[in-house]
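Accompanying notes for the structure given below.
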Amino acid sequence: MVEKLYVTYNDVHKLCQQAAPQILADFKPQLMIAIGGGGYVPARILRSFLKQPGSPNIPIQAIGLSLYEQLPDAADRAVEAPGTKVTRTQWLDLTALGEMANLVGRRVLIVDEVDDTRTTLEYAVKELQKDVEEARAKMGSDLKTEFAIFVLHNKDKTKKGVLPADIMDGRYLAAQTVGDEWICYPWEAMDIDEHDSNSAAAKAKKGL
Ligand code: 5GP
């Protein structure tokens, strides 16, 4: 049986709170890009803890990505390994100059809930870098955009996706590293009281 890790809203809140000082010390993001749907709630909570007195809130943009399995059809028998293709369900609107200016030359924190196989994060970084480079060239700017990553959980396992060395070397932060178990997030729960009691029972068992 696959082990399940029940994470409550308070757990998520506290993981964001604990990570914020390090994010502020090491990176000071000027913009967050939340990968939907799991990155939305952590990004919003993080924003409160990253807020500096006298400065405006850090803006949050959203992108929607989903890993899917390409099924064989009659015309094409090629079979993809499960969960290796990423599709965009929502993307940045880089058509408006204001939005381009928001990205070019900025420190951008990409936020997601979990780094599992790393396929999604690899895709997000590559595609964002490509789009930002295009926007930069159009603007005729020589400013550099820096990306960092924050996830609530990183699963300690062999990864399929690869992230740039400059991100892995000091600009990648996981609030918690866990084993290769299934994490149940509160926003997916159909019965939040049951979810919370499963979490409490597991914590009690571990003596937490
Ligand atoms: P990846 O394998 O690309 O790192 O993760 C892809 C996506 O699969 C994640 O963004 C997340 O939505 C989903 N996922 C992977 N592992 C888990 C997990 O343990 N729990 C939940 N709820 N979603 C997961």
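Keep in mind that what you see is a predicted model, and the values were worked out from it rather than measured. We count ligands from 1, going down the list as the structure has it; atoms in each ligand are counted the same way.
- For the pair D115 and K159, the salt-bridge criterion is met [side-chain N within less than 4.0 Å of a carboxylate O].
- Ring pair Y9/W187 is tilted by interplanar angle, where 30° to 60° counts as tilted.
- Closest non-hydrogen pair, Q17 versus P21, comes out as O-CD, 3.2 Å.
- Within the structure, the closest approach of E113 to ligand 1 falls below 4.0 Å when heavy atoms are considered.
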Output side-chain donor-acceptor pairs under 3.5 Å for residues 37-45, partner residues at least two apart or in another chain, one line each.
residue	atom	partner	partner atom	Å
Y40	OH	Q90	OE1	3.4
R44	NH1	S48	OG	2.9

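- Ligand 1 is approached by E181 to a heavy-atom distance shorter than 4.0 Å.
- Heavy atoms of D116 found under 4.0 angstrom from ligand 1 belong to the backbone as well as the side chain.
- At a heavy-atom distance under 4.0 Å, only side-chain atoms of K155, from C-beta outward, approach ligand 1.
- Interface of T120 with ligand 1, defined as ligand atoms under 4.0 Å from a residue heavy atom, comprises 1 (P), 3 (O), 5 (O), 6 (C).
- For H195 and Y185, the distance between ring centers is not under 6.0 angstrom.
- Between L121 and ligand 1, no pair of N/O atoms sits closer than 3.5 Å.
- Shown here are the salt bridge (charged side-chain N to carboxylate O under 4.0 Å, His left out) partners of D166, two or more places apart in sequence or in another chain: R171.
- By the criterion of a heavy-atom distance under 4.0 Å, the side chain of D112, and not its backbone, is placed next to ligand 1.
- Contact atoms of ligand 1 toward L67: 2 (O), 3 (O), 6 (C) (distance under 4.0 Å to a heavy atom of the residue).
- For ligand 1, the atoms closer than 4.0 angstrom to any heavy atom of T117 are 1 (P), 2 (O), 3 (O), 4 (O).
- Looking at R107 and D26, no side-chain N of the basic residue comes within less than 4.0 Å of a carboxylate O on the acidic one, giving no salt bridge.
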